[in-house]
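Below you'll find the structure, written out as structure tokens, and then a few comments.
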Amino acid sequence: MDDPAVEETMPIQLRVNGITHTIEAPPRRLLSDALRHDLGLTGTHVGCEHGVCGACTVLVDGAPMRSCLMFAVSASHHELTTVEGLACRDGRLSPVQQAFKECHGLQCGFCTPGFLTTISAGIRDNPDPDRQEARDMVAGNLCRCTGYQNIVASVLRAAEIQREEDGR
Ligand code: FES
Ligand code: FES
């Protein structure tokens with residue numbers, strides 16, 4: 001007789017940071033768990049597991065999404081970007097990563113992957129934010145260490161680096 005405690009699994013295809021993976025997982029596997037436990041991409045952090053803290057934010061077709069609120073199967077056939085995929089192809093830090101380094105935008109680093117992904121999308125959509133727009137950009141992400149000042153400074157610096165790189 002089937003053990004009701006054993007969940008049935010299904011193949012789920014995920015395209016993450018330009019690489020296609022197929023995992024075998026229950027249909028209710030959360031995207032955050034699939035990334036961390038099935039694919040070993042532990043840069044995506046899980047804090048609240050309720051869509052509140054933003055630590056688990058990844059990009060789904062370029063849009064920031066809480067991976068703790070999404071089933072992996074729903075992310076199938078979409079382009080996913082995690083913090084591991086943000087660096088430039090030549091190995092240099094991305095503008096947002098570089099800005100966090102320059103402006104001391106992190107302390108313990110737990111929240112940082114979610115900020116990096118969120119801001120990467122934010123400065124793409126608004127390449128020249130003012131301070132208030134920078135604050136609004138990160139308003140959905142929680143950080144218990146920094147007091148946010150250096151994170152806002154990082155947003156402004158990241159946008160500046162990106163504009164320099166784009167020749168704007
Ligand atoms: S772990 Fe997903 S929003 Fe907090
Ligand atoms: S740097 Fe520690 S929670 Fe943000």
Side-chain angles (χ1 to χ4, degrees), residues 7 12-17 21 23 25-87 92-126 129 131-162:
E7 274 193 277
I12 300 172
Q13 202 175 79
L14 292 173
R15 187 161 169 80
V16 188
N17 303 329
H21 307 264
I23 63 170
R28 292 172 61 83
R29 171 83 91 235
L30 292 171
L31 177 58
S32 51
D33 289 338
L35 292 170
R36 291 177 55 81
H37 303 304
D38 295 303
L39 299 181
L41 294 168
T42 54
T44 297
H45 291 169
V46 174
C48 66
E49 296 184 86
H50 290 291
V52 175
C53 73
C56 67
T57 304
V58 299
L59 303 181
V60 179
D61 294 333
M65 301 285 286
R66 310 292 210 217
S67 61
C68 73
L69 294 184
M70 189 169 187
F71 291 131
V73 70
S74 305
S76 200
H77 308 300
H78 294 277
E79 287 286 336
L80 307 177
T81 305
T82 67
V83 68
E84 290 91 345
L86 292 183
R92 280 180 303 117
L93 296 177
S94 74
V96 184
Q97 291 171 316
Q98 181 63 34
F100 265 66
K101 184 177 169 199
E102 287 180 21
C103 301
H104 308 290
L106 67 148
Q107 289 183 26
C108 80
F110 188 84
C111 66
T112 309
F115 275 98
L116 295 177
T117 48
T118 300
I119 297 165
S120 297
I123 63 168
R124 179 202 59 215
D125 295 341
N126 180 2
R131 182 165 292 275
Q132 184 57 48
E133 289 168 334
R135 291 170 67 96
D136 292 345
M137 207 180 278
V138 295
N141 293 64
L142 300 181
C143 173
R144 65 188 171 184
C145 301
T146 62
Y148 298 100
Q149 297 299 326
N150 289 357
I151 293 177
V152 171
S154 300
V155 174
L156 298 172
R157 177 64 184 138
E160 188 177 49
I161 296 170
Q162 187 69 64

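Just so you know, ligand 1 is whichever comes first in the structure, and atom 1 is the first atom listed for that ligand.
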So the atoms of ligand 1 within less than 4.0 Å of a heavy atom of C68 turn out to be 1 (S), 2 (Fe), 3 (S)
Do R36 side-chain atoms and T44 backbone N/O form a donor-acceptor pair below 3.5 Å? yes
Within-4.5 Å side-chain heavy-atom neighbours: Y148 and L142: yes
Using every non-hydrogen atom in the two residues, find where A158 and I123 come nearest and quote the distance to one decimal. O-CD1, 3.8 Å
Which of the ligand 1 atoms, numbered from 1, are nearer than 4.0 Å to a heavy atom of G54: 3 (S), 4 (Fe)
Within a strict 4.5 Å, meaning less than it, do heavy atoms of the H45 and C111 side chains meet? no
Indicate yes or no for a side-chain donor-acceptor contact from S74 to the backbone of M70 under 3.5 Å, with no hydrogens or angles considered. no
Would one find an N, O or S atom of C53, in either backbone or side chain, under 2.8 Å from atom 4 (Fe) of ligand 1? yes
A student comparing S32, G114, G47 should find that the heavy atom closest to atom 1 (S) of ligand 1 comes from G47
Without hydrogens or angle criteria, can the side chains of E133 and N126 be said to hold a donor-acceptor pair below 3.5 Å? yes
Are any of the side-chain heavy atoms of R29 and F71 separated by less than 4.5 Å? no
Neighbouring protein N, O or S atoms of atom 2 (Fe) of ligand 2, below 2.8 Å: 2
For V52, which part has a heavy atom under 4.0 Å from ligand 1: side chain, backbone, both, or neither? backbone
Any idea which atoms of ligand 1 are less than 4.0 Å away from a heavy-atom of C48? 1 (S), 3 (S), 4 (Fe)
Determine, stepwise, if the pair H78 / D61 fulfils side-chain hydrogen bond (donor to acceptor under 3.5 Å, both in side chains). CA-CA 6 Å; H78 294 277; D61 294 333; 2.6 Å; yes
Side chain or backbone of E49 under 4.0 Å from ligand 1, or both, or neither, by non-hydrogen atoms? backbone
Is the closest side-chain donor-acceptor distance between T82 and N17 under 3.5 Å? yes
Under 4.0 Å to a heavy atom of G51 - the qualifying atoms of ligand 1, by number: 3 (S)
C56 near atom 4 (Fe) of ligand 1 via N/O/S, less than 2.8 Å: no
With the side chain counted from C-beta on, respond yes when L69 and H50 share a heavy-atom pair under 4.5 Å apart, and no when they do not. no
